[in-house]
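The block underneath contains the structure these notes are about, expressed in structure tokens.
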Amino acid sequence: MYSLSEIEAMSRKALRGTGYSWGHAEEGGKAIRWLSTYQLPGVVALAHYLQAHATRPDFAQDPFMQGGFICDQGSAWQVHTLHIAYPLLLLPYLAWWASSQQQAVCVTWETHTLVVNTEAIVGLPQESAACFLQSQADIQFTLHSSAELTSHSRQALYYGQAIDTVVWQVLEERAQRTYVPASDASRHGAGPAD
Amino acid sequence: MSATAKPPQSQSSVAHFYRPPETVMRLQRMGSAHQGRLSFMRSLLRRLKREQWQFSCTAWEINEQGIGYAVYSACGPERTYSLVAFAHDLPDELRNDRVIATAWDATFTLFDGLPTHDDIARLAANVPKQEAGRISQREICLSRANRSVRLFNSVLNHLATGQQPSQAELESVGYLMRTTAVYGSGKFGAADRDKLLDRPELAGAFQAEMLTVWLIRSFTLDLVEHLAAVHGGEQAVKLEPHLRRCIGVGNSTGLGMAPFLMNHPVLLNNWMMAREEALARVRAQEAVPSAIQEQFQHYLQRAVINADYWQSQHPLQQTKLQQLRQDLATLQTWLAAFDFQQAYPWDALYRQAEQHLSLEGQEQLAMLLLEPYGDLVDGLTDCMTADERELRLINGRQSLGELSEQLHQYYHWALQINYSEPENRSRFWYVSEEKLEPRLGERFEEPGTELEQPLCIGWHVKRFYQALKTWPADTPLAEFLLQHPEHRHIARRVQTGTQHPYMDIQDNLISADLLPINLLRLKLSFFGATRFDPRSDRWVRITMFQHAPFPYELADMSADDWVYPPLPEQA
């Protein structure tokens, strides 16, 4: 089990270690955390994504870059169809985008239709969410009323998430790239040998 | 001394008396911060007493070598928390306060509820390993502490032979053990803060950590008395109550804590605004009844005693302490002839202090002014949290021209520094592979600058400004950021900054003359720490809960009259 804080921090560092800007990394960390609060496989999706892309993919398909850009645009964003890598990773950004306009968002890809805002999701299947791990898909989304989110919705939980060690290690390897190796000079840089 | 200009009638509201960010968000003043009524330790004890919490040591399995475990439970109106303490046999040569240590005299966790034997077994396998173990969402905090060997042994030997140690000796150190980390907020698998947000007793800033430390205090005293009984048998005595209270919990803090202030800007803003609002409310008092004048005098006298007991080996702090003692004497002289009949007398006193006292003296006065006004200011502790779960969205539709104006208005302090001078960027913050410890390196001498952490806020603001100035002013920010993602984090920060005036430290965080202890002291002052004792420019020792009641006496004593040592006749 990993806490949400650990999931957010590790995701952020993994993205930074992959070459994303600090701003994209911090958003990505929060995006993965958001997915984890709904017990969605955000960390798994991120691990698959990192393994598929040694460095960042094309902007057009990159959920972190596109997600950031959509949120930046707010109500000025008018496009409702994207072809995106790992669409699950875009979901939090769509929730934020809609919530900033006091709305929810209706998202469809493959056979899934979800209505989402930052506090709840409607339409999640009861069975395993492995179906959300497509490596790419066409995704459609439109603004939607928040009204139906009060019933039949999965609420966020704050109990952390169980993550497979192998999956976690994929993130850790990328996160490692953000740490400076220890050295004598480095050890003196934090305080005396007290 | 007569008043200078009276505040204009139309500006006699509290807002008029605020100290602005450009005054208080400065490293030197932050490095002179004092604890006050709003500190987290004090608000914790006020609540525990108000809600009549019950405390007991529910397990004591410590052997004659001082090894084993103990459990201390704190029962509130709705929930119970337990400190599980593990005592170890640490060889002297392994005792080390650094984050990179791997063994300690004692290790701890704050458990959510009452632990079963299975819980204790699980914790015994993990808590002593600290960062190398895993804890669960049933654990709220993880901590460890080392003995202050000389004082611990001296107290043990005194008690074992039926004697009491001297108060002077106890005051000179102030603690039997010092914590070297207190982790919460989901670290190493612990419960996320989110889980605690609808629990009033833990929703406030660092309440879980402060509860953990307060219970650790009890353990350290019980341990030394236990060992004294083991060594001395029937001869052994316990510490007398007033001497027992001279012992707090030490803490050894290094750079690990420093990035917090930069990484939690809205939280810092809310702490500072609460504190400044409190001070402004007091300065806005048009008249001061004599009972309150007397109370203030009383706390001032106790602050004088505190400053006398406060020791440090560090030349910087010794100078500050000399100034503080002088300033307190000056304050006493002023008060002997002070005109309390003038309008807004506290404001007049504060402004006089601003003119004539050192920063230590000014900040001490600022916090002393709050002491008689609990009813007026204590409620502000409810404002000292921030919801950091939500992502603050960048407003990509803002034009670069408007943003540029805002940078001039809110971040001129960053824009006016010349970062091409080497001494203005001679440091860099980074995270070491070793236990992921934050460190501060020398840019022109050490490797690792390509992995620099974005804590050099001012420099990043200036680079952002210089880049956006080369674009047409009507360009939306979103378009600029597409081409310049490297400014994304700072764009978010400055947009947040225009809404939170006290969130940024208005100084250069990578300059050659940066003293990280200034960052540490500000945060520690909010905890409620006293006796700041820097050991270097980036390492400080403090004492927590010194003179506070113990759990078993909280119901019978004031919860909030303990920070300053008692006057001699009260002891």
Side-chain angles (χ1 to χ4, degrees), chain A residues 1-9 13 16-17 20-27 29-31 33-34 37 56 59 65 68-77 92-93 96-97 99-100 118 156-160 175-183 185-194, chain B residues 96-100 134 136-137 185-197 252 254-256 389-391 393-397 430-434 436-442 445-448 451 453-454 476-478 481-482 484-492 535-536 538-539:
Chain A
M1 285 289 293
Y2 290 92
S3 70
L4 297 174
S5 289
E6 290 179 298
I7 288 169
E8 178 178 342
K13 293 178 197 183
R16 177 62 186 170
Y20 283 89
S21 72
W22 288 110
H24 282 115
E26 106 189 294
E27 289 158 9
K30 291 227 181 283
R33 180 198 184 110
W34 185 92
T37 62
R56 303 192 322 259
F59 170 81
M65 306 281 277
F69 189 53
I70 291 167
C71 288
D72 291 353
Q73 298 280 59
S75 57
W77 178 264
Y93 294 92
W96 291 326
W97 170 74
S99 290
S100 72
T118 51
L157 291 175
Y158 299 103
Y159 293 107
Q176 277 285 322
R177 300 183 195 175
T178 66
Y179 309 144
V180 175
S183 64
S186 166
R187 267 180 223 110
H188 285 310
D194 203 12
Chain B
N96 176 352
D97 283 2
R98 292 287 302 276
V99 161
I100 54 178
R134 291 294 295 172
S136 76
Q137 294 271 328
S185 301
K187 297 210 171 67
F188 312 110
D192 285 294
R193 260 194 69 74
D194 311 56
K195 190 183 172 203
L196 311 177
L197 289 178
S252 204
L255 280 179
R389 294 171 296 172
E390 283 290 295
L391 179 71
L393 296 184
I394 291 171
N395 175 10
R397 297 187 311 286
Y430 66 96
V431 176
S432 170
E433 225 171 34
E434 273 189 300
L436 309 190
E437 191 183 32
R439 293 187 182 169
L440 189 63
E442 296 294 328
E445 292 163 34
E446 291 174 40
L451 296 171
Q453 294 284 313
L477 177 61
L481 289 177
L482 273 186
H484 289 287
E486 70 274 17
H487 296 299
R488 204 170 168 75
H489 69 289
I490 205 73
R492 168 175 292 115
R535 292 305 173 107
S536 77
R538 56 194 66 186
W539 193 259

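Remember, it's a predicted structure, so these values are computed and weren't measured experimentally. Proteins get letters first, then strands, A, B, ... in listed order; numbering begins at 1 in each.
Of the two parts of B:Leu436, only the side chain, counted from C-beta on, holds a non-hydrogen atom closer than 4.5 Å to a non-hydrogen atom of chain A. The part of B:Glu486 that comes within reach of chain A is its backbone (N, CA, C, O), which places non-hydrogen atoms under 4.5 angstrom from that chain. When heavy atoms are compared at a cutoff of 4.5 Å, B:Ala190 approaches chain A solely by way of its backbone atoms N, CA, C and O. At a 4.5 Å heavy-atom cutoff, the contact between B:Leu391 and chain A is made by backbone and side-chain atoms alike. Residue B:Leu197: no heavy atom, backbone or side chain, is found under 4.5 Å from chain A. Only the side chain of B:Leu482 comes within less than 4.5 Å of a heavy atom in chain A; its backbone stays farther off. Proximity to chain A (any heavy atom under 4.5 Å) is restricted, for B:Arg492, to the side chain, taken from C-beta onward. Both the backbone and the side chain of B:Gln453 come within less than 4.5 Å of a heavy atom of chain A. Contacts of A:Glu8 with chain B are absent, with no heavy-atom separation under 4.5 Å from either backbone or side chain. Using a 4.5 Å cut-off between heavy atoms, B:Arg134 touches chain A through its side chain atoms alone. Looking at B:Glu390, the atoms closer than 4.5 Å to chain A (heavy atoms on both sides) sit in the backbone and in the side chain alike. Neither the backbone nor the side chain of A:Ser99 comes within contact range of chain B; no heavy atom of the residue lies under 4.5 Å from a heavy atom of that chain.
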Full working for side-chain contact (heavy atoms from CB on, under 4.5 Å) between A:Ser75 and B:Arg397
CA-CA 9 Å; A:Ser75 57; B:Arg397 297 187 311 286; 4.0 Å; yes
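When all heavy atoms of B:Tyr430 and B:Leu440 are compared, the pair lying nearest together is CE2-C, 4.2 Å.
Between A:Arg33 and B:Asp194 there is a salt bridge, since a side-chain N of the basic residue sits under 4.0 Å from a carboxylate O of the acidic one.
Using a 30° and 60° split on the angle between ring planes, A:Tyr93 and A:Trp96 fall in the perpendicular class, above 60°.
A heavy-atom distance below 4.5 Å is found between the side chains of B:Asp192 and B:Gln137.
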